[in-house]
Amino acid sequence: MEKYEFKTEVKQLLDLMVHSLYSHKEVFLRELISNASDAIDRARYESLTNSAILEDDGSWKIKIYADKEKGILTVSDNGIGMTKEEIIEALGTIAHSGTKEFIMALKSKDIKDNPELIGQFGVGFYSSFMVADKITVLSRKAGQKDKRGVKWESTGDGTFNIEEIDKPQKGTDVILHLKDEEKKYLNEWEIRSIVKRYSDFIEHPIVMEVEKEKESELEKGKKFKVKEEETLNSRKAIWLKDKSEITQEEYNEFYKHISHDFKDPLKVIHYKAEGTSEFTALLYIPSKAPFNILFKDFKVGPMLYVKRVQIMEHCEDLIMPYLRFIRGVVDSSDLPLNVSREILQNNRQVEIIKNNVTKKVLDTLEEMKNEEYEKYLNFYKEFGKILKEGLHYDFSRKEQIADLLLFNSTKSAEGKLRTLNDYVNSMKEDQKEIYYIHAQSLEEALMSPYLEAFKEKDYEVLIFSDEIDGFVLSGFEYKGKRLKSVTSGDIDIDAEKKEKKEKAKKEYGKLVELIKDRLKDNIKDVRFSGRLKDSPCCLVADEGDMDPQIEKMLKAMGQEVPQQKKILELNPEHPLFASLNELFEKDKEHPMLNEYIDLLYDQALILEGSKPKDPAKFTQTISKIMSEVIKK
Ligand code: ADP
């Protein structure tokens, strides 16, 4: 017998499993059954090319034994099994890449009642330690000639033991020595109801020996008890049934089974494709984004079946990455059963299915937006950010995706979000472009000086509040109209203003030079602009420079961003410049000139959402000016 240490993360996980997840403990059985079913799927799949795997009677099944006397519950399968090396890795030394995040999530207090996390993070097996104080696993790899197997055993205390054994049949037995207070899981009805609730759709039979009363054939009226093997699950491939035969309840349960989600899905998409490709798809849009959807190890894609045989649990070739939240099943009649991962990647049939599924999902979203708007809002809140990636990655469908986007805008005051189409339809006659501003909220945007000229012209401005918006939408063209940031340097929306701008440039040329010189360490240039109405000045990024929002985001991501100097734009209509110029003309060396210029720059910083360069000096100057004005 050899003794091994669990990996640190596994230890932490076990500790938390035992101590924090008190509700829904029964999911441990679902996890064991699901592992057993996966093991059978793999064995069956490999048996297509390796007949040595079909050694026994060939009927795949999962068996549950409940031994009340010994307090032992066993889940047994005749699937692929594990070698010694594999079992050491799988059940002890490998921590899945999401484990750290999972542990963090478990530690946060509202997570206790989120058992769906167990499945999402692939820590299913360990959940059995919620109900067992010792677990023994016996396993023998399928396709092996001898009976050599391996025994794994642990009390979940930080170590596990490994021993070589003989095992008569291929596959795996997971033997739970139940805690005294968890003995209820040995009751037949308890097991039945858990299987029915969580595992009814498992394709392989889940069987159990149950006691039945029978009437004696010899002596009428005399009853006796017999043990009989009974299949507990209905095994229906729900996606192959006719839509009219499936209740919403059944759809929901199947979803929960495949997604490990405890909430009902938001939308069910069930259809059969005929023609160039024959397949059935049962797809789901979850109502809530799974915890780990942004992690690298998030498994993408629906399950792939070929003529009812599971080929893969997650087939990412069936779906565009920006629809990776979709869960479900695709069952194809055209693909060969022994299709490999490599073949899938360049397969024409798969490509056809992917296109078809993508179209169907986008069409469904469009329909939802038009007919079930509230539902669509829910979807958009959870997955809108991911969907937007499609603008960048799916050139051929970018119009359709763009039509699914929703924005706050300066015209969405009553709370209703706007689409690009709404925007274009209510554009002013002389307006040529679609304008947007980056801001966290409508309120924040409305305070921005960058909007002054737009307000005056009554041009609508969209509010980008997702970080990804700037990336996927800058330079985007919708119905021939370019999307443009209100902070970009080359905004000129008013011809009249243009004239005033030119005039100011001539009149105040010398003053501008002075400002430029005074602020040369902080800014790139000073110029008059037509974007302001009430504010005297603002800071803008130069054309070709990085959008300030993107700059902020990159900094937040820890990337080095070279310091970019901005342009100080002045409002030619603001009376301040006439006064300032007057002072300047009178006395080019006036001591207040520099202080005023510094104040101007500080104001621009404040308007941009930054702090004045030297807050103490800023307030001192302001107070000085105030007291002088009051004295007069
Ligand atoms: P997951 O199933 O999400 O990968 P688990 O902790 O439940 O996570 O299982 C870890 C690994 O142990 C599985 O990926 C699989 O390789 C192996 N395993 C678990 N149960 C079985 C089984 N019944 N037969 C074969 N392998 C199994």
Side-chain angles (χ1 to χ4, degrees), residues 4 6-7 9-14 16-17 21 27-47 53 60-65 73-99 101-103 106 115-132 135-144 149-154 156 160 162 167 169-176 198-199 202 204 206 257-261 290-292 295 297-300 303 310 312-314:
Y4 291 82
F6 282 118
K7 183 161 180 178
E9 277 98 336
V10 177
K11 265 190 227 169
Q12 284 174 311
L13 186 68
L14 281 172
L16 282 159
M17 268 303 165
L21 291 163
V27 295
F28 81 89
L29 189 56
R30 176 191 70 187
E31 297 303 316
L32 295 183
I33 290 173
S34 164
N35 282 347
S37 168
D38 290 349
I40 292 176
D41 284 336
R42 281 189 50 204
R44 184 178 57 181
Y45 178 63
E46 283 184 22
S47 73
I53 286 182
W60 307 107
K61 67 169 95 161
I62 300 162
K63 258 186 171 171
I64 300 178
Y65 304 94
L73 183 70
T74 303
V75 177
S76 171
D77 67 68
N78 54 0
I80 194 75
M82 286 174 274
T83 63
K84 183 176 153 189
E85 289 69 34
E86 282 169 345
I87 209 168
I88 293 171
E89 266 203 9
L91 306 182
T93 53
I94 284 255
H96 299 258
S97 46
T99 310
E101 289 81 357
F102 179 67
I103 291 170
L106 276 187
E116 63 264 40
L117 289 171
I118 296 176
Q120 286 179 10
F121 281 89
V123 289
F125 170 79
Y126 302 109
S127 63
S128 289
F129 279 108
M130 292 193 292
V131 297
I135 302 180
T136 312
V137 182
L138 310 177
S139 195
R140 196 184 110 195
K141 187 82 179 174
Q144 212 177 260
V150 59
K151 175 172 154 187
W152 177 104
E153 195 164 71
S154 174
F160 60 92
I162 292 287
K167 187 173 178 299
Q169 266 208 330
K170 71 173 184 319
T172 305
D173 304 337
V174 179
I175 303 161
L176 308 184
Y198 296 114
S199 312
I202 293 274
H204 312 292
I206 303 167
H257 163 69
I258 57 170
S259 66
H260 301 290
D261 191 349
F291 207 86
N292 54 345
F295 294 156
D297 66 341
F298 179 73
K299 303 228 172 69
V300 176
M303 299 195 277
Q310 193 191 76
M312 221 177 269
E313 233 193 309
H314 293 278

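Order of listing sets the numbers, starting from 1, for every ligand and every atom in it. In this text the structure is predicted, and so the values were computed from the model without any measurement.
- Residue contacts with ligand 1, taken as heavy atom pairs separated by less than 4.0 Å, do not involve L32 at all.
- At least one heavy atom of M82 sits less than 4.0 Å from an atom of ligand 1.
- Qualifying side chain to side chain donor-acceptor pair (under 3.5 Å) partners for K11, counting only residues two or more places apart in sequence or in other chains: E5.
- Between Y126 and F6, the two ring planes are perpendicular [angle over 60°; tilted spans 30° to 60°].
- Of the N or O atoms in Y126, none lie within a sub-3.5 Å distance of an N or O in ligand 1.
- If you run side chain to side chain contact (heavy atoms under 4.5 Å, CB included) between L176 and each of V137, T136, I135, only I135 comes through.
- Annotation: D77 places an N or O atom under 3.5 Å from an N or O atom of ligand 1; distance criterion only.
- Counting atoms of ligand 1 from 1 in the listed order, those under 4.0 Å from a heavy atom of A90 are 10 (C), 11 (C), 12 (O), 17 (C).
- A donor-acceptor contact shorter than 3.5 Å is absent between the side chain of R42 and the backbone of I80.
- Here E86 has no heavy atoms under 4.0 Å from ligand 1, in either its backbone or its side chain.
- By the 6.0 Å contact criterion, OH on Y4 is enclosed, its count of non-hydrogen atoms from other residues, nucleotides or ligands being greater than 12.
- Taking the side chain to side chain donor-acceptor pair (under 3.5 Å) definition, one finds that D173 meets it with S76, sequence neighbours left out.
- In this comparison of S127, A39, S37, the heavy atom closest to atom 24 (N) of ligand 1 sits on A39.
- If you look at L91 next to ligand 1, the close heavy atoms, those under 4.0 Å, all belong to the side chain.
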